[in-house]
Amino acid sequence: MKKKSFVSIADLSKETIIRLMKKTEFFEENPNQKLLDGKICATLFFEPSTRTRLSFETAVNRLGGKVIGFSDVATTSSSKGETLKDTIKMVSNYADLIIMRHYLDGAACYASEVTDVPIINAGDGANQHPSQTVLDIYSIYKTQGRLENLTITMVGDLKYGRTVHSLIEGMSHFNPRFYFIAPEELKLPDIYKQWLEEHKIPFEECIEFSEEIINQSDILYMTRVQRERFTDLIEYEKVKNVYILKNSMLEKSKPNLRILHPLPRVNEIDNDVDDNPKAYYFDQARNGVYARQAIICDVLGIN
Amino acid sequence: MSNSKTALQVAALRNGTAIDHIPSEQLFKVVSLLEIEKLTTCVTIGYNLSSEKMGKKGILKIADKFFEEDEINRISLIAPTVNLNIIKDYEIIEKKQIQLPDVLKGIVKCNNPRCITNHEPMKTVFKVIDKQNVTLKCQYCDLKIKKEDIVLL
């Protein structure tokens with residue numbers, strides 16, 4: 001079998017995304033499957049991320065596999081100056097699959113080149129976090145019953161938010177329309193806009209977070225505006241309360257609208273939205289385990 | 001062989017590769033990229049020679065060495081307009097153009113300080129995504145680098 005790794009959302013064809021949707025759906029209906037019996041999965045977290053690690057480890061456990069690994073780089077040989085290559089080579093002798101999170105951009109891609117063991121990227125610096133994107137796409141698929149021809153509005157930090165960039169790329173196969181709502185300082189970078197234009201995907205940018213746009217949307221993808229992203233704190237104080245979703249703003253929204261958020265949230269979604277049936281962010285997080293079960297089986301060639 | 005010149009600035013080559021019209025300021029970078037220092041055959045390096053076209057230029061005459069495409073294309077980023085002549089028995093038997101390759105390995109530095117290539121003992125790999133305007137993309141962190149921002153290793 002040809003070795004497969006799961007490193008970047010850009011590597012995923014439309015067919016692969018659809019196949020992952022079907023698999024995720026299967027695991028949602030039948031989460032406990034002993035498909036990884038006798039397999040050992042390493043979770044190498046060179047950068048801590050409790051949420052992602054627990055989600056992956058739950059996925060492995062539900063599939064009946066065993067987990068080895070570390071969640072704190074201080075206890076490993078990396079802290080003694082071992083190269084990433086050597087760590088990956090060493091772990092490759094023990095594990096059937098490596099799930100890794102790293103603080104440097106491109107680490108997972110490099111790891112996939114130095115080993116024959118499949119690599120799953122659980123986040124590499126500011127670059128990619130493709131399993132998050134698969135669960136985001138699955139949340140869209142599940143709540144809308146389809147992926148084609150949807151209007152997706154993204155709000156907040158569109159400059160640094162890697163989940164935003166990956167979701168744009170992942171959804172690009174399905175004829176979407178995008179609205180991008182962000183303050184001037186956190187607008188979507190030009191390279192992504194150029195990319196959208198090259199792929200003939202319609203989009204509009206707005207500074208104002210208006211109900212007019214919400215009412216046209218099928219998906220509202222909220223992100224956190226992070227204080228540390230601003231060079232000018234006066235600017236932060238000005239915009240931090242502008243991109244807050246309140247329940248009253250949803251009155252005339254489409255019945256099929258669902259609100260997504262990669263979590264953790266701070267104040268960008270008001271608590272009064274939580275009880276609205278259109279709020280989907282907590283269910284979205286639960287889909288993460290099913291999506292990761294699907295990804296693990298896909299890279300290992302298990303049907 | 002042409003007899004129109006009264007004196008050559010650099011001795012003629014019997015067999016090998018002559019690279020002419022190298023911008024003087026790039027000459028030693030070209031020498032290094034082609035790993036001339038590892039050769040054991042006769043090499044003539046001409047530096048700051050006078051050139052009608054360029055003012056000053058560099059020349060390399062390398063005996064008994066015929067470069068592979070991917071070897072010679074390494075210099076395309078810094079000296080895209082050189083004349084490359086393959087010489088056998090004092091005659092030019094082939095003139096070659098150098099071309100920007102599809103992939104550049106171990107030549108360009110990634111400008112992203114958080115890129116894995118700046119932290120591991122490894123070669124950088126860039127895909128040339130736009131040959132016309134010379135735009136590169138890091139295989140690892142996806143950073144796109146425009147011509148004016150390219151830094152060689």
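Basis for what follows: all heavy atoms, side chains included, without hydrogens, waters or symmetry-related copies.
Annotation: side chain of Asp142(B) is in contact with side chain of Gln128(A) (closest heavy-atom distance under 4.5 Å).
More than 12 heavy atoms of other residues, nucleotides or ligands sit less than 6.0 Å from atom NZ of Lys131(B). Shown here is Lys65(B), whose NZ atom has more than 12 heavy atoms of other residues, nucleotides or ligands within 6.0 Å. Counting non-hydrogen atoms of neighbouring residues, nucleotides and ligands closer than 6.0 angstrom, the CD atom of Gln99(B) reaches no more than 12 such neighbours. Residue Glu52(B) qualifies as open at atom CD: its count of foreign heavy atoms under 6.0 Å is 12 or below. Within a 6.0 Å sphere centred on CD of Glu68(B), heavy atoms belonging to other residues, nucleotides or ligands number 12 at most. Open room surrounds NZ on Lys146(B); 12 or fewer heavy atoms of other groups in view lie less than 6.0 Å from it.
Of the listed residues Arg114(B), Met122(B), Lys144(B), the one with more heavy-atom pairs under 4.5 angstrom with chain A than any other is Arg114(B).
Taking all atoms of both residues into account, the shortest heavy-atom contact from Glu120(B) to Lys85(A) is OE1-N, 3.3 Å. Minimum interatomic distance between Pro121(B) and Tyr110(A) (heavy atoms only, all atoms of both residues): O-OH, 4.4 Å. Residues Asp105(A) and Cys141(B) approach most closely at CB-CB, 3.5 Å, considering heavy atoms.
In this structure, NE2 in His119(B) is found 8.0 Å from OH in Tyr103(A), a value given to the nearest 0.5 Å. Distance check: Thr135(B) OG1 to Ile191(A) CD1 gives 11.5 Å after rounding to the nearest 0.5 Å.
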Could you please spell out the steps behind the side-chain contact (heavy atoms from CB on, under 4.5 Å) verdict for Glu113(A) and Gln139(B)? CA-CA 11 Å; Glu113(A) 291 174 0; Gln139(B) 171 162 311; 2.7 Å; yes
